[in-house]
Structure formats: C-alpha cells, structure tokens
Amino acid sequence: MGAYCFATCGPLLAPWLLAEAQGPGRNVVVVLLFLGGRLVGYLVYGVLAWLVGWMFQSALPTWYRSVFGCAYISMAVMLVIYAIRTGRATCGTGATRSAWHGQRWLRHRFLMPCVGGLITGLNICYPFMLAFAAAAALPSLFVSVWFFLMFFLGTSIFILPLPLLGLLRRHQALQTIGRLSAGLVGCYYLYAGMVIIIQGVATGAPK
Amino acid sequence: MKSKRSSLALPRGTALLLCLPMLLLSSLLLSGGQPVRNAQDGIAIGVTVLFFNVLFYKMLSSGKTDRWRATAFVLYAVLLSFTFIVRMFEARGAMSLSVAKFIECDVPFCHIVIPMTVLPMALTRSIIFPGQIAGGYASIAAMFVLWLGACLVLGRGFCSWVCFFGGWDDGFSRLARTARIRTVPAVWTLLPFAILLLVAISSAALLEPTYCAWLCPFKTVTEFEAVTSVTIFLKTIIFIALFLGLVIILPILTKRRTQCALFCPMGALTSFANYLNVFDVRSDPDRCVQCGQCARVCPVFSITPQSLAAGVTRMTCVKCGKCIDACPQQALHFHIKGTPPAWNSVMTRLLFLYVSSLFLTVFAGGTFMDALRRLMNLIQTGHLY
C-alpha cells in the first residue's frame, strides 16, 4: 500500500525536488510540508468516513468527485506555470533570475508542497478506498480520524527517502529535467481533473 | 570534383578478407546452424546474408559508416512494421488489439516498455505488461536479455544499430536536401529524460505502461487498441499526431531523428549504458578545427560546442558514425575507453563495426528473412500468409 502511495506522490514531488535543486536538508522541509498537506487531506477524510458510516451510505455521491477534479486542475495550472516561469528564470540573466526568485516564488515555495500534499491526500486511489470503507465501519469520529492518522503514518514512510534527491542538485541538467517533468505532470493532472469533472457531471449532478 | 578518400578506407583485398569472419558468423547465426529446409528458405537466408555482408564490405572499403548502416537500418524498420502487421493479421485478423488479447496476455513485448516495468516489478513483484514471459512471438524475457546484451556491447549504439523503430525517423530525416529548422533549443534534448522519469513513476502509480498506452508513436505502424471508447479515441489521436509530428514532419524539417533525440524514454535510459560500454566517439584535438560540421549533422544533438571543445560526445551519442563521416579534417573516430584519443583509429573502428554490424545483421536478419519469405509466398500463392 505504501509503495502505491510512493508511486502516486512521486510524480508530483520528485520533479519539484529536482527542479528546485536544494540540498537534502531543505528537501526535508519541503517533504514535511507536503506530508502536512497530505495529513490535512486524510484527517478531512477521517471525518467524512465517519459521516458516511453514520448516515449508512456505502459511497460518496458522484458529483462530489467533481470538486477534486477542480482541485486537480488548479494543481495542474500551478505546475505548468511553475515549469514555464522557472524555465524563463533559469534561461534568463543572473539579474532576472534573482529578481524572479526573490520577489515571487519565494512566497510560493512553501505553498506548492502543501497544496500538492493536500490534493494527493484527497486523491481517491484503491488503497485509500479500502481504508475509507474500513473507517466508515468504525464506531466513533475519534476512532475514524485516528484510523486515517495511522493510515497516513504507515504510507508516509515510503515518501521519506525523497529528500535524498537533493544530493543530485549540482547537476544543472537535472533541474531542467525536473522542470520539464513538472510541466508534463501538470498536463496529466489537467487531463485527470477534466475527466473527473466530466464523469461527475455526466453521471450524477447534484439535485 | 573527386571527394577526398577517407583515411579509414581499406584496400579492396583487405576489406574482402576482413569480411570473411562476418560472412561465416552471419551465415551461422541466420541459418541457426541448421541445413536449409527448402529452396524458399535457402533464397531468404542467402539474400539476407549477402545483403548485410555487402554493406559491411562497403563500410570497410569506403571508410564511411553511416550511409551503409542507414540503408540496412531504415529498411529494417520498414520491413519490421510490414512483417509485424502481416503477423497480426495472420494471428488476429486485424492490426488493432481487442480486450480479449489483453486478458489472454497475447500482446508482443517491445524494448520501449522496459523502463515502465522496472519500478512496478520492484514494488509489486509483477510485470504490468500483458505479454508472455517466455516463448511465443516477442516474449518479455527475450526482449530484456537482448536489450541488456546489446546495451552492454554497444551502449546507446543500440538506438542506431539494433532498435527496430529508429529507422523510421532516421529515414525521414534523410529525405530533405537541407534543413528548414536549423536550431532546436538545447533544453528540449532533456525532454526524453523528463518523459522517462514521468513514465517510470506513473506506470508504477497506475500499474499500466503509460507510454505505450498514451504516447508511443510507433503504434501507428505496428498495433493499437481497438477504438471502443472516447478515451481510446483520444489515445489514438495522440499517438497518430506524435507519429506525424515526431517521426515524419520534424525529421524532414530538421534533418534530425527528433523522436529518438527529443522524445523516446527508452533512448534516455539507454544513454546511461554509454557509461558501461567500452566504445565511444572522440575527436582528436590536434586535428579538430572546431568547424562545427559534426554538430550540424549529428542526428541526436549529441555534439555541442562544449562537448567538442572537450573532445567528447554527450552521453546521448548513438554511435551512428555520421559525424565521423562528415568531418572534413577526419578528426572524429570511434574510440575504446582507456586508450589515447587518436589511438589506432582503423583498428578501433573495425572492432566496433564487427560488433555493431553483427548485432544489426542478427536482429534485422530475422525480419529480412521473414519479409522475403512472405514476399515469395505472395508471388507463388497470391497470399502473404
């Protein structure tokens, strides 16, 4: 299950860490922020699972997924803008690079991992569905949230080695590869988000 | 005006004599060491052996590599698609893959899937491709072993001597007399590595070979999913557009192998094999005048002013020999790692050509013989199979 989570979060986190080209120490902060966002997502689900169990429903309404389609598209837009703009910054002169990094992206440098973590945390994948079904059967809100907290801890272990990508930061080409990958991942999230929204609208609009 | 004779060219007698080992080896390998069963088989083996040995002789006697290599390489790609499609019609009655064939695990494996199977294999101990592990046509184990062997011996030379798709854009890149697009931003040469990173991880996340499912342009000339849904229709548009763009239009406009140089994740992975392999391409600093002719003709953007100044090619070099043939100073040559840059260039080239031509002959030879047999069958019976 953890391996699956690594494979789900890896495409988002690995390009980001490569493109930022920071040391392992700073990457730990980024990964912790990412995990923080993911934790918030899971805790939200802990509450929802309890609510679903309480209401004796077996599944969430279909239109509910459209919300996450929108979240995916937001993430995609952020990633694509990140890929294009940091590309311009790294291609530009030293002055434009420092101005760019100093004035704009410094603020978002911490926002992106948090948002990324939150959105991947809210992602409905197969291991997650299993966990959700199990949590919905639990007797109280506290136990349901606790279940998701443990689910988060168990699956996060597999993400912890990612800061080691910082050891490769001296390779300029890897930054470019990371940036290009971020753009490609953005395109994928854009597609996935649109599919979720279309499916949500087509199969079950809110009444 | 008579062109300058290459210093790598051998006298005809010597070239003929040096062809003998290749003739023996290729005959043995292509016939499988078995006596010829019938006249059709004999003709197929004979013509194939002759064809590849004539090309090998021409490489030795002319001192030029790329022209003769490309003749076989391009024909190999075209004939592979031809035989593959015929085989699919023979087995299934269509080029398209049905869901039933997926369930039966009856999908031929190709080397481009390898980067997508490694991570899922490590994480789930299963192969995410619906092919056969061993036996049958293009099995997974056979492809893995052949790819690993070729990579160890040739490095990324695999992409110029062994890959059965590379000949497509190689061929189209030779059609125009001059390039309409002369420069491509250096950043795009790193795109295959980004795609490699993405497909390797996304295949593990989705437990499907994402490049094959969504991006592989060569599905246009081999096989593809039967269009039964909007998603598959979208996939079909994507891979046909990529084939038209990367394999036909851009190679004609740039005179480069754009699919191999700017897109293929397998090429990116195979680039790392250049670190393990003993052969590379070097320039002799005493002869090089930095004219940049080699960088202009390199089909995969592997020569830059920086690499030329350092006397080396980039890790993405496919060892096609085009730069060596084009160099007016004859400063570039095949090189064995650990030896001085200009050490015995004739002998080094000969060693490389023996190995690479043998790989090309063995890999392409099977396809050539299959195509010849089918064409003879067509003439005799009016049917390809």
Side-chain angles (χ1 to χ4, degrees), chain A residues 1-19 79 83-84 86-92 120 123-128 155 158-159 162 165 168 171-192 194-196 198-199 202, chain B residues 115-126 128 185-211 213-215 229-235 237-238 242 262-263 265 267-269 271-272 275 301-302 304 306-307 314-316:
Chain A
M1 213 176 258
Y4 192 95
C5 292
F6 168 79
T8 307
C9 298
L12 190 78
L13 205 49
W16 170 265
L17 293 174
L18 280 175
L79 278 168
I84 294 169
T86 48
R88 281 187 195 156
T90 42
C91 292
T120 51
N123 173 38
I124 303 172
C125 58
Y126 299 115
F128 175 82
T155 53
F158 290 79
I159 298 165
L162 278 174
L165 283 174
L168 304 169
H171 297 276
Q172 179 76 40
L174 284 177
Q175 290 177 44
T176 313
I177 292 167
R179 184 165 56 75
L180 290 168
S181 304
L184 292 171
V185 173
C187 293
Y188 169 73
Y189 271 100
L190 191 64
Y191 163 77
M194 285 167 69
V195 167
I196 291 170
I198 291 165
Q199 280 176 346
Chain B
M116 286 163 271
T117 52
V118 177
L119 259 183
M121 218 188 307
L123 296 174
T124 65
R125 280 167 285 171
S126 59
I128 57 167
V187 68
W188 294 115
T189 62
L190 295 170
L191 187 63
F193 294 92
I195 294 172
L196 172 66
L197 181 69
L198 188 70
V199 297
I201 307 177
S202 63
S203 298
L206 302 170
L207 294 179
E208 69 164 10
T210 46
Y211 183 81
W214 284 94
L215 302 172
S229 67
V230 176
T231 308
I232 299 175
F233 179 67
L234 191 65
K235 287 177 181 178
I237 291 173
I238 291 172
L242 286 171
L262 308 177
F263 198 71
L269 180 67
S271 295
F272 292 98
Y275 289 121
F301 307 95
S302 288
T304 60
Q306 294 79 19
S307 74
R314 294 174 65 211
M315 69 182 277
T316 50

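Lettering follows sequence order; numbering is per chain, from 1. Quantities reported herein were computed from a predicted structural model and do not represent experimental measurements.
Residue A:R179 holds its CZ atom at 9.0 Å from CG of B:L190, rounded to the nearest 0.5 Å. Residue B:L198 holds its CG atom at 6.5 Å from OG of A:S181, rounded to the nearest 0.5 Å.
Contact annotation for A:L18: only side-chain heavy atoms (C-beta onward) come within less than 4.5 Å of a heavy atom of chain B.
Heavy atoms of other residues, nucleotides or ligands lying less than 6.0 angstrom from CZ of B:F301 number more than 12.
Contacts of A:Y191 classified as ring-ring contact (aromatic ring centres under 6.0 Å, His included), with partners at least two apart in sequence or in another chain: B:W214. Every side chain to side chain contact (heavy atoms under 4.5 Å, CB included) that A:L190 has, sequence neighbours left out, goes to A:I73, A:A76, A:M194.
Contact tally against chain A (heavy-atom pairs below 4.5 Å) for B:A186, B:A194, B:P185, B:P120: the top residue is B:A194. Of the residues considered (B:L234, B:T189, B:L191), B:L191 shows the highest number of contacts with chain A, using heavy-atom pairs under 4.5 Å.
B:F193 has its side chain out of reach of A:T176: every pair of non-hydrogen atoms, C-beta onward, lies at least 4.5 Å apart.
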